[in-house]
Amino acid sequence: MPMPDKSCSIEEAIAQIPDGSSIMLGGFGVPGTPFCLIRELVRQGQRDLTIIKNDANETGMGVDWLLDNGQVAKLITSHIGLNSNAVAMMNAGEIDVEFAPQGILAERIRVAGAGVMGFVTDIGIGTPMAEGKQKVMIDGKEGIVETALRADFALLHADRSDPFGNLCFTATARNFNPLMGMAATRTIAEAEAILPLGGITPDDVNLPGPFVDDVVALPELMEAYGVVER
Amino acid sequence: MPMPDKSCSIEEAIAQIPDGSSIMLGGFGVPGTPFCLIRELVRQGQRDLTIIKNDANETGMGVDWLLDNGQVAKLITSHIGLNSNAVAMMNAGEIDVEFAPQGILAERIRVAGAGVMGFVTDIGIGTPMAEGKQKVMIDGKEGIVETALRADFALLHADRSDPFGNLCFTATARNFNPLMGMAATRTIAEAEAILPLGGITPDDVNLPGPFVDDVVALPELMEAYGVVER
Amino acid sequence: MSLSAKDRMLKRAAADIKAGMTVNLGIGLPTQVLKHVPENLPVCLHSENGIAGVGPVLANDQADRNLIDAGGAYVSPLPGTSYFDSALSFAIVRSGRLDLTLLGAFEVAGNGDLANWMIPGRFTPGAGGAIELAQKARRVGVVTTHTDKKGNPKILSACTLPLTAPCCVDRIYTDMAVCDVTPEGLQLSEIAEGVSLDDVIAATGARLIVPDQPLPTF
Amino acid sequence: MSLSAKDRMLKRAAADIKAGMTVNLGIGLPTQVLKHVPENLPVCLHSENGIAGVGPVLANDQADRNLIDAGGAYVSPLPGTSYFDSALSFAIVRSGRLDLTLLGAFEVAGNGDLANWMIPGRFTPGAGGAIELAQKARRVGVVTTHTDKKGNPKILSACTLPLTAPCCVDRIYTDMAVCDVTPEGLQLSEIAEGVSLDDVIAATGARLIVPDQPLPTF
């Protein structure tokens with residue numbers, strides 16, 4: 001019984017995204033950011049997007065291309081301090097920015113991918129983060145109900161894939177990628193190498209194929225993937 | 001900066017467990033069940049235990065040794081159909097059995113390991129499983145609040161470990177092991193092989209060392225670990 | 001070769017497993033459906049204990065002691081198989097990545113209610129993964145004999161046993177018929193070769209919607 | 001070699017990193033504590049972006065493009081390092097596996113309230129991982145200059161900025177003193193060499209409990 005083949009061209013993969021979509025982008029800083037998929041999204045120019053990413057990359061990279069091109073309506077993130085352009089657009093009211101503590105953002109995404117409606121946490125109690133959120137008591141302790149965070153699409157960067165979409169990430173390029181790949185209605189992964197079926201040891205898979213819809217082979221890595229000179 | 005060494009003898013590891021403890025046991029059927037740690041627990045004879053395991057193994061194996069030795073007060077599990085002894089003891093009122101759907105059991109354990117108080121799910125709504133549980137509304141939909149399930153100890157079976165407690169599991173012996181290793185106050189792992197620090201590739205670790213307290217090398221595998229002849 | 005009524009049921013259920021699907025087959029009759037799935041059909045079989053891409057069952061002397069399916073059978077990997085923990089396994093189930101599950105049944109009701117895990121006082125082993133499979137797979141098929149060993153209907157107007165999940169079943173495959181749960185009620189969609197409409201109606205405990213046109217056979 | 005006041009502060013904070021600990025060091029001064037930790041001390045450094053066992057920072061020409069710490073520095077693996085996703089990384093934080101975190105501060109209050117992530121209208125980049133580190137590490141140390149660049153106290157009776165977490169700080173390390181948050185209030189525990197008690201009190205915006213016996217110096 002062969003596994004289904006999900007190979008896809010980058011143009012076709014990104015063309016599935018309509019205006020107004022919510023899109024999760026893997027990556028924590030540079031590692032794990034799907035720069036090629038983002039670049040194609042810039043080329044195709046879909047608008048009014050809600051972008052969900054840990055950070056806004058740095059000025060002139062990744063998320064910033066989308067901001068610069070006026071494609072982003074809203075950003076859900078944990079920290080945008082390295083992108084002064086994002087901060088300026090937020091302060092000017094040009095984009096709506098929703099912040100979550102980093103681990104809460106990660107868990108809201110994971111919970112969505114686990115088919116769960118939300119979770120209860122004491123993180124943020126006693127701070128402005130807790131304001132306006134539903135509270136419940138568990139064993140006499142107050143907790144905040146954090147809701148599952150889903151998206152229409154997830155764009156991931158993988159080190160390796162096979163045609164079925166079994167994904168392996170490397171080092172700190174893993175970060176939000178496997179979580180987001182579970183939490184989106186349609187998951188598109190770019191991979192530095194596409195190995196034949198059987199080329200990935202079953203124990204080594206970080207995100208199993210059933211979560212992945214489209215696999216895009218990267219022809220070459222653009223400069224953005226490299227070490228950032230500071 | 002060397003990683004801390006957590007090597008421990010099996011006797012010392014299990015001697016930390018007092019009577020009345022709650023103990024999570026890895027394993028789904030035979031694969032991943034820490035038979036040697038369980039056997040030592042039988043030898044030391046701690047009593048009045050709450051055992052948390054996906055299943056009760058089969059008659060004459062693993063959990064059944066503890067049942068047979070009268071050490072178990074309560075069992076929290078998803079399915080005990082392969083152990084007629086466990087079913088008989090439940091029906092005779094000799095042990096208290098709490099059932100959860102398998103994925104809810106897994107998620108309650110994972111959520112405990114993630115330092116979260118509980119989660120909200122629609123699983124079991126419209127069935128007896130939902131009765132008596134707290135409900136909340138999220139986006140106009142009713143959900144059940146399932147609480148985090150913690151334990152005093154987790155006993156795991158790993159394929160490989162290093163002295164810091166970085167664990168790798170193999171094939172379907174992974175199952176509940178990494179989840180339970182996160183959800184216990186003290187996590188004790190037996191490993192078929194203990195490799196030197198650096199012997200496990202950082203990308204391959206299934207449960208990182210910070211979750212693991214004691215690492216026990218297995219001298220040899222007893223028959224229970226083998227293929228079950230039916 | 002003429003197939004037995006059971007094999008025709010299994011083959012009919014197998015025909016609804018389509019290219020590209022991720023599928024979970026319950027223990028018992030559903031697992032036996034597999035032998036009627038074409039060998040080259042691209043399908044991913046999921047097992048609750050942590051496999052996507054379940055391969056053939058092996059004899060004990062060929063078995064990997066660490067590789068079983070949720071039913072305890074020693075299985076094998078395929079090119080493209082992956083292993084994962086139990087939380088991730090049920091993330092696949094609950095997040096809608098299972099295109100289809102085929103399950104057994106003690107009772108199934110005309111509205112799609114399913115009871116397949118408990119007989120109070122007689123059979124109380126715990127639900128395992130059944131509740132989440134029944135509630136969350138995108139499509140739920142039940143594979144069952146039309147009647148129990150005593151000849152009593154297993155398809156009822158309402159289940160008498162504790163439910164696995166309410167209104168979860170989409171289609172029922174039996175040795176006599178294929179029935180679909182529709183908003184209007186339980187529809188008789190196909191009939192086994194050599195079985196009469198009256199036989200089916202007599203063996204069914206729920207009201208059946210019978211189309212005017214002739215029923216396809218299988 | 002005589003150490004600068006800053007280096008003595010960093011060295012004093014480093015002395016509280018003990019064998020066997022898992023530790024997270026915040027960006028800025030806390031990360032600089034590292035150079036005062038003995039090379040052979042068995043300690044596991046955690047970074048929020050998915051590392052346990054963070055090794056030395058590498059020059060760009062030696063760097064692995066896929067291996068940074070949460071502050072963006074190119075780091076290296078050690079024997080026993082592991083990598084994991086962001087949900088698991090914060091599982092380590094929230095479940096109490098971090099024995100210690102050292103964080104920077106804009107303001108810290110005598111009751112342990114910490115403000116280190118936001119200055120409304122001026123600095124609003126988002127909290128990153130700070131809230132969970134501050135709220136959930138078993139022990140929270142703040143490493144900060146005793147006063148800001150204008151000479152105003154950073155240790156206050158109450159924070160004026162939005163809190164990272166309330167009542168989370170256990171110990172404050174500054175270039176002038178070590179202070180402990182106790183149920184009775186903020187206690188002056190140690191004093192930097194060459195700094196007088198009056199200097200410390202004058203530079204502190206919170207009431208200090210000063211023990212009767214002579215203060216240890218560092």
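By convention in this document, chain letters (A, B, ...) are assigned in the order of the sequence lines, proteins followed by strands, and residues within each chain are numbered from 1.
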Taking only Lys NZ, Arg NE, NH1 and NH2, and the carboxylate oxygens of Asp or Glu, determine whether R108(A) and E98(A) approach each other closer than 4.0 Å.
-> yes
Do you know which of N60(D), T164(D), V75(D) has the most heavy-atom pairs under 4.5 Å to chain A?
-> N60(D)
Is there a donor-acceptor contact under 3.5 Å linking the side chains of S189(D) and D180(D)?
-> yes
Against chain A, label A87(D) side chain, backbone, both or neither, depending on which of its atoms sit under 4.5 Å from a heavy atom there.
-> both
P31(A), G126(A), G103(A), A106(A): which one forms the most heavy-atom pairs within less than 4.5 Å of chain D?
-> G103(A)
K6(A) charged N/C atom sitting above F164(A) aromatic ring, 6.0 Å / 45° = yes
side-chain contact (heavy atoms from CB on, under 4.5 Å) partner of L25(A), chosen from L37(A), V63(A), N57(A), D55(A) = V63(A)
Can you say whether Y83(D) sits under 4.5 Å from chain A via the side chain, the backbone, both, or neither, judging by heavy atoms?
-> both
What do you reckon, are the aromatic ring centroids of H157(A) and Y225(A) less than 6.0 Å apart?
-> yes
Would you mind telling me which of N177(A), I123(A), T127(A), T170(A) has the largest number of heavy-atom pairs within less than 4.5 Å of chain D?
-> I123(A)
Name, in order of residue number, those residues of residues 110-135 of chain D that have a heavy atom at a distance of less than 4.5 Å from a heavy atom in chain A; otherwise write 'none'.
-> W117(D), T124(D), P125(D), G126(D), A127(D), G128(D), G129(D), I131(D), E132(D), Q135(D)
With distance as the sole criterion, is a donor-acceptor pair present between the side chains of T144(D) and K154(D) under 3.5 Å?
-> yes
Is any side-chain N of the basic residue among E192(A) and R160(A) closer than 4.0 Å to the acidic one's carboxylate O?
-> no
Check each atom of A70(D) against the heavy atoms of chain A and say whether the ones under 4.5 Å are side chain, backbone, both or neither.
-> both
K136(D), R65(D), E48(D): which one forms the most heavy-atom pairs within less than 4.5 Å of chain A?
-> R65(D)
Would you call the rings of F84(D) and H46(D) parallel, tilted or perpendicular, where under 30° means parallel and over 60° means perpendicular?
-> parallel
Distance-only donor-acceptor check, side chains S86(D) and Q102(A), under 3.5 Å | no
In terms of heavy-atom proximity below 4.5 Å to chain D, should E58(A) be classed as side chain, backbone, both, or neither?
-> neither
Tell me, for V97(A) versus chain D, whether the close heavy atoms (under 4.5 Å) come from the side chain, the backbone, both or neither.
-> neither
Chain D: which of N54(A), I104(A), N91(A) shares the most heavy-atom pairs with it under 4.5 Å?
-> I104(A)
With distance as the sole criterion, is a donor-acceptor pair present between the side chains of S22(A) and D152(A) under 3.5 Å?
-> yes
Options A173(A), A171(A), P101(A), ranked by heavy-atom pairs under 4.5 Å with chain D, top entry = A171(A)
L207(A) vs M182(A), side chain to side chain contact (heavy atoms under 4.5 Å, CB included): CA-CA, chis, key distance, verdict | CA-CA 8 Å; L207(A) 184 67; M182(A) 297 164 64; 3.6 Å; yes
Which atoms of I80(A) come close to chain D, meaning under 4.5 Å heavy atom to heavy atom: side chain ones, backbone ones, both, or neither?
-> both
Between D175(D) and R8(D), does at least one N-O distance fall below 4.0 Å, as a salt bridge requires?
-> no
Name the option with the most non-hydrogen atom pairs under 4.5 Å to chain A; the candidates are L67(D), L163(D), T81(D), N49(D).
-> N49(D)
Check each atom of P178(A) against the heavy atoms of chain D and say whether the ones under 4.5 Å are side chain, backbone, both or neither.
-> side chain
Could you verify whether a donor N or O on one side chain and an acceptor N or O on the other, from D16(D) and Y173(D), lie under 3.5 Å apart?
-> yes
